[in-house]
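Just so it is clear: chains get the letters A, B, ... in the order the sequence lines come, proteins before strands, and each one is counted from 1.
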Amino acid sequence: MAQEDIFKKLVAHCKEYGFVFQSSEIYDGLGAVYDYGQLGVELKNNIKKYWWDSMVLLHENVVGLDSAIFMHPTIWKASGHVDAFSDPLIDNKDSKKRYRADVLIEEQLAKIEGKIEKEITKAKKRFGDAFDEQQFRETNPRVLANKKKFDELHTRFAKALNDGDLDELKQIIIDQGIVCPVSGSRNWTDVRQFNLMFATEMGATAEGASTIYLRPETAQGIFVNYLNVQKTGRMKIPFGIAQIGKAFRNEIVARQFIFRMREFEQMEMQFFVRPGTELEWFEKWKETRMNWHRALGFGDENYRFHEHEKLAHYANAAVDVEYKFPFGFKEVEGIHSRTDFDLSQHEEYSGKKIRYFDPELNESYVPFVVETSIGVDRMFLQIISAAYTEEKLEKDSRIVLRIPAPLAPVKLAVLPLVKKDGLPEIARNIINDLKFDFNCQYDEKDSIGKRYRRQDAIGTPFCVTIDHQTIDDNTVTIRYRDTMAQKRVAIEELRGIIDAQVSFKKLFGQA
RNA sequence: GCGGGAAUAGCUCAGUUGAUAGAGCAUUAGCCUUCCAAGCUAAGGGUCGCGGGUUUGAGCCCCGUUUCCCGCUCCA
(Lines give C-alpha, C1' and ligand atoms only; values in the text may rest on other atoms or scores of the structure.)
Protein backbone atom coordinates (compact mmCIF):
# COMPACT_ATOMS: atom_id res chain seq x y z
CA MET A 1 0.00 0.00 0.00
CA ALA A 2 1.19 3.48 -0.80
CA GLN A 3 2.54 5.42 2.15
CA GLU A 4 0.09 8.18 1.42
CA ASP A 5 -2.86 5.82 1.81
CA ILE A 6 -1.52 4.62 5.13
CA PHE A 7 -1.36 8.20 6.32
CA LYS A 8 -4.97 8.83 5.31
CA LYS A 9 -6.07 5.71 7.14
CA LEU A 10 -4.12 6.82 10.15
CA VAL A 11 -5.90 10.17 10.26
CA ALA A 12 -9.27 8.44 9.92
CA HIS A 13 -8.32 5.94 12.62
CA CYS A 14 -7.35 8.75 14.97
CA LYS A 15 -10.75 10.31 14.56
CA GLU A 16 -12.76 7.11 14.62
CA TYR A 17 -11.33 5.93 17.91
CA GLY A 18 -11.18 9.27 19.70
CA PHE A 19 -7.49 10.14 19.49
CA VAL A 20 -7.55 13.37 17.50
CA PHE A 21 -10.38 15.60 16.31
CA GLN A 22 -10.21 18.71 14.23
CA SER A 23 -10.83 21.81 16.34
CA SER A 24 -14.27 23.42 16.15
CA GLU A 25 -15.40 20.75 13.73
CA ILE A 26 -19.12 21.55 13.98
CA TYR A 27 -18.28 25.08 12.84
CA ASP A 28 -16.38 23.81 9.79
CA GLY A 29 -13.15 23.58 11.68
CA LEU A 30 -10.29 25.92 12.43
CA GLY A 31 -7.24 25.59 10.22
CA ALA A 32 -4.33 23.61 11.59
CA VAL A 33 -5.76 23.38 15.10
CA TYR A 34 -6.61 20.00 16.58
CA ASP A 35 -8.14 18.60 19.75
CA TYR A 36 -7.14 15.41 21.51
CA GLY A 37 -9.95 13.00 22.29
CA GLN A 38 -10.50 10.60 25.15
CA LEU A 39 -7.75 8.21 24.10
CA GLY A 40 -5.50 10.86 22.57
CA VAL A 41 -5.21 12.74 25.83
CA GLU A 42 -4.13 9.57 27.63
CA LEU A 43 -1.44 8.84 25.08
CA LYS A 44 -0.30 12.44 25.10
CA ASN A 45 -0.08 12.52 28.88
CA ASN A 46 1.94 9.33 28.84
CA ILE A 47 4.36 10.75 26.27
CA LYS A 48 4.84 13.82 28.43
CA LYS A 49 5.42 11.70 31.51
CA TYR A 50 7.95 9.54 29.67
CA TRP A 51 9.88 12.65 28.68
CA TRP A 52 9.53 14.43 32.02
CA ASP A 53 10.61 11.46 34.09
CA SER A 54 13.54 10.71 31.81
CA MET A 55 14.74 14.30 32.15
CA VAL A 56 13.87 15.35 35.67
CA LEU A 57 13.85 12.08 37.61
CA LEU A 58 16.82 10.45 35.93
CA HIS A 59 19.09 13.48 35.97
CA GLU A 60 20.04 14.87 39.33
CA ASN A 61 21.08 18.15 37.73
CA VAL A 62 17.92 18.75 35.73
CA VAL A 63 14.92 20.45 37.34
CA GLY A 64 11.51 21.42 36.04
CA LEU A 65 9.71 24.69 35.41
CA ASP A 66 6.29 25.83 34.29
CA SER A 67 6.44 29.38 33.03
CA ALA A 68 3.52 31.47 31.80
CA ILE A 69 2.53 31.76 28.18
CA PHE A 70 2.27 35.54 28.49
CA MET A 71 5.62 37.22 28.85
CA HIS A 72 6.99 40.72 28.76
CA PRO A 73 6.98 41.92 25.13
CA THR A 74 10.62 42.99 25.28
CA ILE A 75 11.59 39.34 25.68
CA TRP A 76 10.65 38.77 22.05
CA LYS A 77 12.73 41.72 20.94
CA ALA A 78 15.69 40.31 22.87
CA SER A 79 15.22 36.84 21.45
CA GLY A 80 15.05 38.14 17.89
CA HIS A 81 11.55 36.84 17.26
CA VAL A 82 9.99 40.23 16.60
CA ASP A 83 12.37 40.80 13.70
CA ALA A 84 12.92 37.29 12.50
CA PHE A 85 9.29 36.28 12.60
CA SER A 86 7.83 39.04 10.46
CA ASP A 87 8.53 39.69 6.80
CA PRO A 88 6.69 41.60 4.07
CA LEU A 89 6.13 38.98 1.37
CA ILE A 90 4.97 39.20 -2.22
CA ASP A 91 4.15 36.51 -4.77
CA ASN A 92 4.65 36.49 -8.49
CA LYS A 93 1.46 35.11 -9.99
CA ASP A 94 3.18 33.64 -13.05
CA SER A 95 6.14 31.83 -11.54
CA LYS A 96 4.33 31.16 -8.22
CA LYS A 97 7.51 32.21 -6.47
CA ARG A 98 7.41 34.11 -3.21
CA TYR A 99 9.84 36.86 -2.36
CA ARG A 100 10.49 39.22 0.48
CA ALA A 101 9.33 42.57 -0.84
CA ASP A 102 12.10 44.42 1.00
CA VAL A 103 14.74 42.15 -0.51
CA LEU A 104 13.43 42.77 -4.03
CA ILE A 105 13.70 46.51 -3.53
CA GLU A 106 17.13 46.23 -1.98
CA GLU A 107 18.24 44.30 -5.03
CA GLN A 108 16.89 47.08 -7.21
CA LEU A 109 18.91 49.58 -5.20
CA ALA A 110 22.00 47.46 -5.65
CA LYS A 111 21.34 47.37 -9.38
CA ILE A 112 21.30 51.17 -9.61
CA GLU A 113 24.45 51.34 -7.57
CA GLY A 114 25.98 48.83 -9.96
CA LYS A 115 25.23 51.12 -12.88
CA ILE A 116 27.05 53.98 -11.19
CA GLU A 117 30.06 51.80 -10.48
CA LYS A 118 30.09 50.67 -14.10
CA GLU A 119 30.24 54.25 -15.33
CA ILE A 120 33.11 54.92 -13.00
CA THR A 121 35.03 51.84 -14.07
CA LYS A 122 34.56 52.80 -17.70
CA ALA A 123 35.71 56.33 -17.07
CA LYS A 124 38.73 55.13 -15.13
CA LYS A 125 39.86 53.13 -18.15
CA ARG A 126 39.30 56.07 -20.43
CA PHE A 127 41.11 58.71 -18.36
CA GLY A 128 43.80 56.58 -16.80
CA ASP A 129 45.83 58.19 -14.04
CA ALA A 130 44.29 61.59 -14.61
CA PHE A 131 40.93 60.29 -13.41
CA ASP A 132 39.42 62.13 -10.47
CA GLU A 133 36.70 59.89 -9.12
CA GLN A 134 35.32 62.46 -6.73
CA GLN A 135 34.91 65.00 -9.48
CA PHE A 136 33.46 62.45 -11.86
CA ARG A 137 30.84 61.43 -9.34
CA GLU A 138 29.83 65.01 -8.79
CA THR A 139 29.68 66.09 -12.40
CA ASN A 140 28.93 63.19 -14.75
CA PRO A 141 25.29 63.55 -15.83
CA ARG A 142 24.61 59.81 -16.05
CA VAL A 143 26.07 59.18 -12.63
CA LEU A 144 24.14 62.08 -11.17
CA ALA A 145 20.91 60.85 -12.71
CA ASN A 146 21.40 57.40 -11.24
CA LYS A 147 22.48 58.82 -7.92
CA LYS A 148 19.28 60.83 -7.82
CA LYS A 149 17.24 57.75 -8.67
CA PHE A 150 19.03 55.82 -5.96
CA ASP A 151 18.48 58.47 -3.31
CA GLU A 152 14.83 58.94 -4.17
CA LEU A 153 14.16 55.26 -4.11
CA HIS A 154 16.11 54.78 -0.92
CA THR A 155 14.20 57.54 0.86
CA ARG A 156 10.88 56.26 -0.34
CA PHE A 157 11.75 52.68 0.58
CA ALA A 158 12.99 53.58 4.04
CA LYS A 159 9.84 55.59 4.74
CA ALA A 160 7.57 52.77 3.56
CA LEU A 161 9.42 50.25 5.72
CA ASN A 162 9.30 52.47 8.78
CA ASP A 163 5.62 53.20 8.32
CA GLY A 164 4.91 49.55 7.62
CA ASP A 165 3.11 50.74 4.49
CA LEU A 166 2.62 47.55 2.48
CA ASP A 167 0.70 49.20 -0.37
CA GLU A 168 3.54 51.63 -0.84
CA LEU A 169 6.04 48.75 -0.98
CA LYS A 170 4.02 47.18 -3.76
CA GLN A 171 3.75 50.53 -5.54
CA ILE A 172 7.53 50.87 -5.40
CA ILE A 173 7.94 47.46 -6.98
CA ILE A 174 5.51 48.40 -9.74
CA ASP A 175 6.97 51.86 -10.29
CA GLN A 176 10.48 50.46 -10.49
CA GLY A 177 9.35 47.87 -12.99
CA ILE A 178 10.88 45.12 -10.89
CA VAL A 179 10.39 41.77 -12.56
CA CYS A 180 10.37 38.27 -11.17
CA PRO A 181 13.81 36.72 -11.74
CA VAL A 182 12.17 33.43 -12.70
CA SER A 183 9.20 34.33 -14.87
CA GLY A 184 10.38 37.80 -15.88
CA SER A 185 6.84 39.09 -15.32
CA ARG A 186 5.47 42.00 -13.32
CA ASN A 187 2.32 40.19 -12.32
CA TRP A 188 2.54 40.63 -8.54
CA THR A 189 0.15 39.97 -5.69
CA ASP A 190 -0.28 42.51 -2.90
CA VAL A 191 2.42 42.71 -0.29
CA ARG A 192 1.40 40.98 2.91
CA GLN A 193 2.92 41.12 6.31
CA PHE A 194 3.45 37.72 7.82
CA ASN A 195 3.95 37.82 11.52
CA LEU A 196 4.43 34.36 12.92
CA MET A 197 3.60 35.49 16.43
CA PHE A 198 0.03 35.83 17.66
CA ALA A 199 -0.56 39.19 19.27
CA THR A 200 -3.14 40.27 21.79
CA GLU A 201 -3.79 43.18 24.09
CA MET A 202 -3.08 43.17 27.78
CA GLY A 203 -4.74 45.83 29.87
CA ALA A 204 -8.36 46.73 30.46
CA THR A 205 -8.55 49.98 28.54
CA ALA A 206 -7.52 50.60 24.97
CA GLU A 207 -5.16 53.46 25.90
CA GLY A 208 -3.48 51.59 28.69
CA ALA A 209 -3.14 48.33 26.82
CA SER A 210 0.07 47.04 25.39
CA THR A 211 0.60 44.43 22.73
CA ILE A 212 1.76 41.13 24.08
CA TYR A 213 2.47 37.93 22.21
CA LEU A 214 1.56 34.34 22.73
CA ARG A 215 4.95 32.70 23.06
CA PRO A 216 6.27 31.16 19.83
CA GLU A 217 8.58 28.90 21.84
CA THR A 218 8.84 27.86 25.46
CA ALA A 219 12.61 28.32 25.68
CA GLN A 220 12.50 32.01 26.63
CA GLY A 221 10.49 31.22 29.74
CA ILE A 222 13.44 29.15 30.88
CA PHE A 223 16.06 31.77 30.04
CA VAL A 224 14.30 34.56 31.90
CA ASN A 225 14.01 32.29 34.96
CA TYR A 226 17.61 31.14 34.80
CA LEU A 227 18.67 33.24 37.78
CA ASN A 228 15.62 32.33 39.87
CA VAL A 229 16.14 28.61 39.45
CA GLN A 230 19.90 28.69 39.71
CA LYS A 231 19.83 30.64 42.97
CA THR A 232 16.83 29.11 44.72
CA GLY A 233 17.68 25.58 43.62
CA ARG A 234 21.39 26.10 44.50
CA MET A 235 22.14 24.72 41.06
CA LYS A 236 25.74 24.24 40.00
CA ILE A 237 26.80 24.34 36.40
CA PRO A 238 26.34 22.16 34.45
CA PHE A 239 22.59 21.93 35.05
CA GLY A 240 19.38 21.92 33.10
CA ILE A 241 15.83 23.28 33.30
CA ALA A 242 13.04 21.28 31.69
CA GLN A 243 9.63 22.55 30.69
CA ILE A 244 6.54 21.26 28.91
CA GLY A 245 4.11 23.79 27.53
CA LYS A 246 2.09 25.24 24.71
CA ALA A 247 3.57 27.48 22.05
CA PHE A 248 1.88 29.32 19.20
CA ARG A 249 2.93 30.12 15.67
CA ASN A 250 0.78 31.66 13.00
CA GLU A 251 2.12 29.37 10.28
CA ILE A 252 1.51 30.45 6.71
CA VAL A 253 1.24 26.89 5.57
CA ALA A 254 0.27 24.45 8.26
CA ARG A 255 -0.41 20.95 7.12
CA GLN A 256 0.16 17.25 7.47
CA PHE A 257 -2.33 16.72 10.24
CA ILE A 258 -0.84 17.39 13.66
CA PHE A 259 2.71 17.63 12.29
CA ARG A 260 2.55 21.40 11.95
CA MET A 261 -0.07 23.12 14.06
CA ARG A 262 -0.68 26.72 15.01
CA GLU A 263 -1.07 25.78 18.67
CA PHE A 264 1.32 23.06 19.71
CA GLU A 265 3.12 21.71 22.72
CA GLN A 266 6.85 21.57 23.28
CA MET A 267 9.03 19.64 25.68
CA GLU A 268 12.22 21.62 26.09
CA MET A 269 15.29 21.37 28.21
CA GLN A 270 17.91 24.07 28.36
CA PHE A 271 21.22 22.84 29.70
CA PHE A 272 23.59 25.47 31.04
CA VAL A 273 27.30 24.76 30.70
CA ARG A 274 30.69 26.34 31.05
CA PRO A 275 31.73 28.20 27.87
CA GLY A 276 33.99 26.04 25.73
CA THR A 277 32.42 22.80 26.89
CA GLU A 278 29.19 23.27 24.95
CA LEU A 279 30.10 21.03 22.05
CA GLU A 280 30.95 18.11 24.34
CA TRP A 281 27.56 18.49 25.99
CA PHE A 282 25.94 18.86 22.62
CA GLU A 283 27.32 15.45 21.67
CA LYS A 284 26.26 13.94 24.98
CA TRP A 285 22.68 15.15 24.67
CA LYS A 286 22.51 14.03 21.06
CA GLU A 287 23.28 10.53 22.21
CA THR A 288 21.00 10.65 25.25
CA ARG A 289 18.06 11.91 23.24
CA MET A 290 18.54 9.40 20.44
CA ASN A 291 18.57 6.59 22.99
CA TRP A 292 15.31 7.90 24.42
CA HIS A 293 13.71 7.62 20.99
CA ARG A 294 15.17 4.24 20.19
CA ALA A 295 14.06 2.77 23.51
CA LEU A 296 10.51 2.83 22.17
CA GLY A 297 11.49 -0.04 19.93
CA PHE A 298 10.26 1.23 16.59
CA GLY A 299 13.49 0.26 14.84
CA ASP A 300 16.80 2.11 14.94
CA GLU A 301 16.86 2.37 11.15
CA ASN A 302 13.82 4.63 11.25
CA TYR A 303 15.71 7.37 13.08
CA ARG A 304 18.54 9.53 11.86
CA PHE A 305 20.34 12.74 12.67
CA HIS A 306 20.09 15.61 10.26
CA GLU A 307 22.86 18.15 10.64
CA HIS A 308 21.93 21.75 9.95
CA GLU A 309 24.08 23.35 7.30
CA LYS A 310 22.61 26.79 7.76
CA LEU A 311 22.67 27.66 11.45
CA ALA A 312 20.22 30.00 13.11
CA HIS A 313 21.55 33.30 14.35
CA TYR A 314 21.96 32.00 17.88
CA ALA A 315 23.52 28.59 17.31
CA ASN A 316 26.99 27.19 16.77
CA ALA A 317 25.82 23.62 16.26
CA ALA A 318 22.42 22.15 15.48
CA VAL A 319 21.05 18.75 14.67
CA ASP A 320 17.58 17.30 14.19
CA VAL A 321 16.38 13.88 15.20
CA GLU A 322 14.32 12.72 12.27
CA TYR A 323 11.88 9.86 12.10
CA LYS A 324 10.71 8.10 8.97
CA PHE A 325 7.07 9.17 8.80
CA PRO A 326 4.73 7.85 6.11
CA PHE A 327 5.49 11.13 4.30
CA GLY A 328 9.25 10.85 4.66
CA PHE A 329 11.98 11.57 7.21
CA LYS A 330 10.84 14.55 9.27
CA GLU A 331 12.07 16.38 12.34
CA VAL A 332 10.65 15.36 15.70
CA GLU A 333 13.32 16.92 17.89
CA GLY A 334 15.97 19.59 17.60
CA ILE A 335 19.18 19.71 19.59
CA HIS A 336 20.93 23.04 19.44
CA SER A 337 24.01 24.58 20.90
CA ARG A 338 22.63 28.07 21.49
CA THR A 339 25.86 29.57 22.80
CA ASP A 340 25.38 32.46 25.23
CA PHE A 341 23.17 34.28 22.74
CA ASP A 342 19.92 34.21 24.67
CA LEU A 343 21.26 34.98 28.14
CA SER A 344 23.48 37.75 26.76
CA GLN A 345 20.56 39.29 24.92
CA HIS A 346 18.50 39.25 28.10
CA GLU A 347 21.39 40.84 30.00
CA GLU A 348 21.45 43.61 27.44
CA TYR A 349 17.71 44.21 27.20
CA SER A 350 16.88 43.80 30.88
CA GLY A 351 19.96 45.51 32.22
CA LYS A 352 20.37 42.69 34.77
CA LYS A 353 23.51 40.65 35.19
CA ILE A 354 22.81 37.07 34.21
CA ARG A 355 25.95 35.30 35.29
CA TYR A 356 27.26 32.29 37.06
CA PHE A 357 30.15 32.39 39.45
CA ASP A 358 32.16 29.28 38.84
CA PRO A 359 33.97 28.38 42.06
CA GLU A 360 36.35 26.02 40.28
CA LEU A 361 37.55 28.68 37.87
CA ASN A 362 37.04 31.45 40.40
CA GLU A 363 35.41 33.62 37.76
CA SER A 364 31.96 34.47 36.56
CA TYR A 365 30.58 34.13 33.05
CA VAL A 366 27.41 33.96 31.01
CA PRO A 367 26.73 30.23 30.67
CA PHE A 368 26.44 28.58 27.27
CA VAL A 369 23.29 26.67 26.52
CA VAL A 370 22.59 23.32 24.91
CA GLU A 371 18.92 22.89 24.10
CA THR A 372 16.87 19.81 23.43
CA SER A 373 13.45 20.67 22.02
CA ILE A 374 10.85 18.14 21.03
CA GLY A 375 7.28 18.58 19.84
CA VAL A 376 4.73 16.60 21.86
CA ASP A 377 2.34 16.51 18.92
CA ARG A 378 5.02 15.32 16.54
CA MET A 379 6.00 12.65 19.01
CA PHE A 380 2.35 11.66 19.21
CA LEU A 381 2.13 11.42 15.43
CA GLN A 382 5.40 9.53 15.32
CA ILE A 383 4.18 6.93 17.78
CA ILE A 384 0.82 6.52 16.12
CA SER A 385 2.46 6.24 12.69
CA ALA A 386 4.93 3.68 13.91
CA ALA A 387 2.36 1.73 15.88
CA TYR A 388 -0.36 1.52 13.25
CA THR A 389 -0.30 -1.91 11.66
CA GLU A 390 -2.69 -3.79 9.42
CA GLU A 391 -2.20 -7.49 9.82
CA LYS A 392 -3.37 -10.35 7.70
CA LEU A 393 -4.31 -13.32 9.83
CA GLU A 394 -5.16 -16.82 8.71
CA LYS A 395 -8.83 -16.20 8.11
CA ASP A 396 -9.21 -12.49 8.63
CA SER A 397 -7.28 -9.35 9.39
CA ARG A 398 -6.88 -6.86 12.20
CA ILE A 399 -5.75 -3.32 12.78
CA VAL A 400 -3.47 -3.09 15.77
CA LEU A 401 -1.73 -0.15 17.38
CA ARG A 402 1.57 -1.49 18.65
CA ILE A 403 2.03 1.34 21.12
CA PRO A 404 4.74 0.56 23.67
CA ALA A 405 2.91 -0.69 26.76
CA PRO A 406 4.08 2.12 29.07
CA LEU A 407 2.55 4.69 26.69
CA ALA A 408 -0.66 2.86 25.81
CA PRO A 409 -3.82 4.84 26.68
CA VAL A 410 -5.59 1.79 28.13
CA LYS A 411 -3.41 -0.79 29.84
CA LEU A 412 -5.86 -3.64 30.14
CA ALA A 413 -9.35 -4.67 29.21
CA VAL A 414 -11.22 -7.05 31.48
CA LEU A 415 -13.68 -9.22 29.59
CA PRO A 416 -16.16 -11.76 30.90
CA LEU A 417 -16.40 -14.54 28.35
CA VAL A 418 -20.19 -14.45 28.71
CA LYS A 419 -22.32 -11.93 30.51
CA LYS A 420 -23.95 -14.34 32.96
CA ASP A 421 -23.07 -16.99 35.52
CA GLY A 422 -21.42 -14.36 37.71
CA LEU A 423 -18.55 -13.73 35.27
CA PRO A 424 -19.28 -9.97 34.93
CA GLU A 425 -19.11 -9.61 38.72
CA ILE A 426 -15.68 -11.21 38.85
CA ALA A 427 -14.53 -8.92 36.06
CA ARG A 428 -15.77 -5.86 37.96
CA ASN A 429 -13.93 -7.00 41.08
CA ILE A 430 -10.68 -7.31 39.16
CA ILE A 431 -11.10 -3.81 37.73
CA ASN A 432 -11.92 -2.37 41.15
CA ASP A 433 -8.69 -3.85 42.42
CA LEU A 434 -6.48 -2.66 39.55
CA LYS A 435 -8.02 0.65 38.53
CA PHE A 436 -5.87 2.70 40.89
CA ASP A 437 -2.74 1.43 39.19
CA PHE A 438 -3.74 1.05 35.57
CA ASN A 439 -6.20 2.54 33.12
CA CYS A 440 -8.71 -0.33 32.74
CA GLN A 441 -11.67 -0.93 30.45
CA TYR A 442 -14.62 -3.25 30.89
CA ASP A 443 -16.40 -4.76 27.89
CA GLU A 444 -19.05 -7.47 27.67
CA LYS A 445 -20.62 -6.61 24.33
CA ASP A 446 -20.21 -8.91 21.29
CA SER A 447 -18.12 -12.02 20.85
CA ILE A 448 -14.80 -12.34 22.61
CA GLY A 449 -12.92 -12.19 19.30
CA LYS A 450 -14.55 -8.92 18.40
CA ARG A 451 -13.70 -7.44 21.75
CA TYR A 452 -10.04 -8.41 21.26
CA ARG A 453 -10.11 -6.63 17.90
CA ARG A 454 -11.55 -3.50 19.46
CA GLN A 455 -8.79 -3.41 22.03
CA ASP A 456 -6.15 -4.06 19.34
CA ALA A 457 -7.43 -1.03 17.45
CA ILE A 458 -6.75 1.28 20.40
CA GLY A 459 -3.47 -0.35 21.38
CA THR A 460 -4.44 -2.00 24.68
CA PRO A 461 -1.52 -4.31 25.47
CA PHE A 462 -3.40 -6.77 27.69
CA CYS A 463 -6.82 -8.41 27.72
CA VAL A 464 -7.88 -10.40 30.73
CA THR A 465 -10.68 -12.88 30.13
CA ILE A 466 -12.85 -14.42 32.83
CA ASP A 467 -14.34 -17.83 32.02
CA HIS A 468 -16.08 -20.60 33.93
CA GLN A 469 -12.83 -22.04 35.16
CA THR A 470 -12.23 -18.76 36.96
CA ILE A 471 -15.11 -19.57 39.29
CA ASP A 472 -13.39 -22.80 40.29
CA ASP A 473 -9.76 -21.83 40.65
CA ASN A 474 -9.42 -18.01 40.48
CA THR A 475 -7.38 -18.11 37.31
CA VAL A 476 -7.91 -16.02 34.18
CA THR A 477 -6.39 -15.90 30.73
CA ILE A 478 -4.20 -12.97 29.83
CA ARG A 479 -3.98 -12.27 26.13
CA TYR A 480 -1.14 -10.28 24.62
CA ARG A 481 -1.87 -7.69 21.95
CA ASP A 482 1.23 -8.14 19.82
CA THR A 483 1.45 -11.92 19.69
CA MET A 484 -2.21 -12.74 20.37
CA ALA A 485 -0.81 -15.46 22.64
CA GLN A 486 -2.70 -16.41 25.80
CA LYS A 487 -1.56 -17.55 29.17
CA ARG A 488 -3.49 -18.81 32.15
CA VAL A 489 -2.54 -17.02 35.36
CA ALA A 490 -3.89 -16.54 38.86
CA ILE A 491 -5.81 -13.32 39.47
CA GLU A 492 -3.31 -12.30 42.19
CA GLU A 493 -0.48 -12.44 39.64
CA LEU A 494 -2.06 -9.89 37.31
CA ARG A 495 -0.77 -6.76 38.97
CA GLY A 496 2.83 -7.92 38.92
CA ILE A 497 2.71 -9.14 35.33
CA ILE A 498 1.18 -5.94 34.01
CA ASP A 499 3.23 -3.61 36.13
CA ALA A 500 6.47 -5.10 34.85
CA GLN A 501 5.40 -4.31 31.28
CA VAL A 502 3.86 -0.88 31.66
CA SER A 503 6.42 0.69 33.97
CA PHE A 504 8.67 3.34 32.48
CA LYS A 505 11.56 1.42 34.02
CA LYS A 506 11.20 -0.95 31.13
CA LEU A 507 12.02 1.87 28.71
CA PHE A 508 14.61 3.53 30.89
CA GLY A 509 16.43 0.24 31.20
CA GLN A 510 17.23 0.48 27.53
CA ALA A 511 17.91 4.19 27.38
C1' G B 1 -0.12 32.43 -0.70
C1' C B 2 -0.53 30.04 -5.90
C1' G B 3 -2.19 25.69 -8.77
C1' G B 4 -4.83 20.92 -8.78
C1' G B 5 -8.30 17.54 -6.27
C1' A B 6 -12.03 16.62 -2.56
C1' A B 7 -16.28 17.40 1.02
C1' U B 8 -23.08 12.84 1.26
C1' A B 9 -24.60 8.83 8.44
C1' G B 10 -19.48 7.88 13.68
C1' C B 11 -15.94 5.41 9.49
C1' U B 12 -15.31 3.93 4.13
C1' C B 13 -18.01 5.26 0.12
C1' A B 14 -22.38 4.65 -3.88
C1' G B 15 -25.96 8.08 -5.75
C1' U B 16 -27.55 7.34 -13.53
C1' U B 17 -29.93 12.57 -17.85
C1' G B 18 -31.64 17.60 -12.32
C1' A B 19 -37.36 14.57 -9.77
C1' U B 20 -38.97 10.35 -2.41
C1' A B 21 -31.11 10.24 0.32
C1' G B 22 -28.61 4.69 0.04
C1' A B 23 -25.00 0.40 1.25
C1' G B 24 -21.28 -1.97 4.22
C1' C B 25 -19.05 -1.48 8.73
C1' A B 26 -19.80 1.02 13.42
C1' U B 27 -23.42 2.43 17.50
C1' U B 28 -27.76 1.19 20.92
C1' A B 29 -31.43 -2.50 22.80
C1' G B 30 -32.91 -7.57 22.80
C1' C B 31 -31.95 -12.88 21.44
C1' C B 32 -27.81 -16.48 21.18
C1' U B 33 -23.39 -17.99 24.93
C1' U B 34 -19.02 -19.11 21.65
C1' C B 35 -11.23 -17.66 23.59
C1' C B 36 -9.71 -14.20 18.31
C1' A B 37 -14.15 -9.65 13.51
C1' A B 38 -18.32 -9.94 9.87
C1' G B 39 -25.18 -15.24 13.72
C1' C B 40 -30.65 -13.40 14.44
C1' U B 41 -34.35 -9.25 15.45
C1' A B 42 -35.17 -4.21 15.97
C1' A B 43 -33.84 0.91 16.60
C1' G B 44 -31.28 5.50 16.40
C1' G B 45 -28.35 8.47 13.31
C1' G B 46 -28.48 13.29 7.30
C1' U B 47 -30.27 21.13 6.45
C1' C B 48 -25.82 16.11 1.12
C1' G B 49 -19.57 21.57 4.51
C1' C B 50 -21.75 26.68 4.39
C1' G B 51 -24.03 30.94 1.54
C1' G B 52 -26.13 32.61 -2.88
C1' G B 53 -27.83 31.76 -8.07
C1' U B 54 -30.20 29.08 -12.38
C1' U B 55 -34.69 25.93 -12.52
C1' U B 56 -41.52 24.00 -11.85
C1' G B 57 -37.79 21.15 -9.18
C1' A B 58 -30.63 20.98 -7.15
C1' G B 59 -26.72 16.01 -3.45
C1' C B 60 -25.99 16.65 -8.94
C1' C B 61 -25.41 22.72 -12.94
C1' C B 62 -23.09 28.00 -11.93
C1' C B 63 -20.67 31.67 -8.45
C1' G B 64 -18.62 32.63 -3.73
C1' U B 65 -16.78 30.78 0.85
C1' U B 66 -14.75 27.32 4.63
C1' U B 67 -12.09 22.95 5.66
C1' C B 68 -9.01 18.83 4.20
C1' C B 69 -5.47 16.34 0.74
C1' C B 70 -1.37 16.71 -3.17
C1' G B 71 2.45 19.86 -5.53
C1' C B 72 5.12 24.56 -5.23
C1' U B 73 6.64 28.03 -1.46
C1' C B 74 7.96 28.78 3.61
C1' C B 75 9.79 26.65 8.03
C1' A B 76 13.06 29.27 15.56
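The separation of B:A38 from B:A23, taken at their C1' atoms, amounts to 15 Å, rounded to a whole angstrom. B:G46 and B:C11 are spaced 13 Å apart, taking the P atom of each and rounding to whole Å. Separating the P atom of B:G10 from that of B:G44 is a span of 15 Å, rounded to the nearest Å. Using atom C1' as the reference point in both B:U55 and B:U17, the two lie 15 Å apart (nearest Å). Remark: the separation of the C1' atoms in B:G45 and B:G57 is 27 Å, to the nearest Å. Spacing between B:G1 and B:G64 at atom P, rounded to whole Å, works out to 15 Å.
Of the side-chain N and O atoms in A:Q22, one or more sit less than 4.0 angstrom from OP1 or OP2 of B:C68. The phosphate of B:U27 has OP1 or OP2 within less than 4.0 Å of a side-chain N or O from A:R454. A sub-4.0 Å separation between OP1 or OP2 of B:C70 and a side-chain N or O of A:K8 is absent. The phosphate of B:C11 (OP1 or OP2) has a side-chain N or O of A:K15 nearer than 4.0 angstrom.
When Watson-Crick and G-U wobble pairs are counted only if both distances are under 3.5 Å, B:U34 pairs with no nucleotide at all.
Using a 4.0 Å heavy-atom criterion, one finds that A:E217 contacts no nucleic acid atom at all. Using a 4.0 Å heavy-atom distance criterion, A:I448 is classed as a sugar-phosphate-only contact. Looking at heavy-atom distances under 4.0 Å, A:H13 makes no contact with the nucleic acid at all.
Atom CZ of A:F305 has more than 12 heavy atoms from other residues, nucleotides or ligands within 6.0 Å.
A:F257 and A:Y34 have their aromatic ring centers within a separation under 6.0 angstrom. Aromatic ring centroids of A:H13 and A:Y388 lie under 6.0 Å apart. A:F462 has its ring centre less than 6.0 Å from the ring centre of A:Y480.
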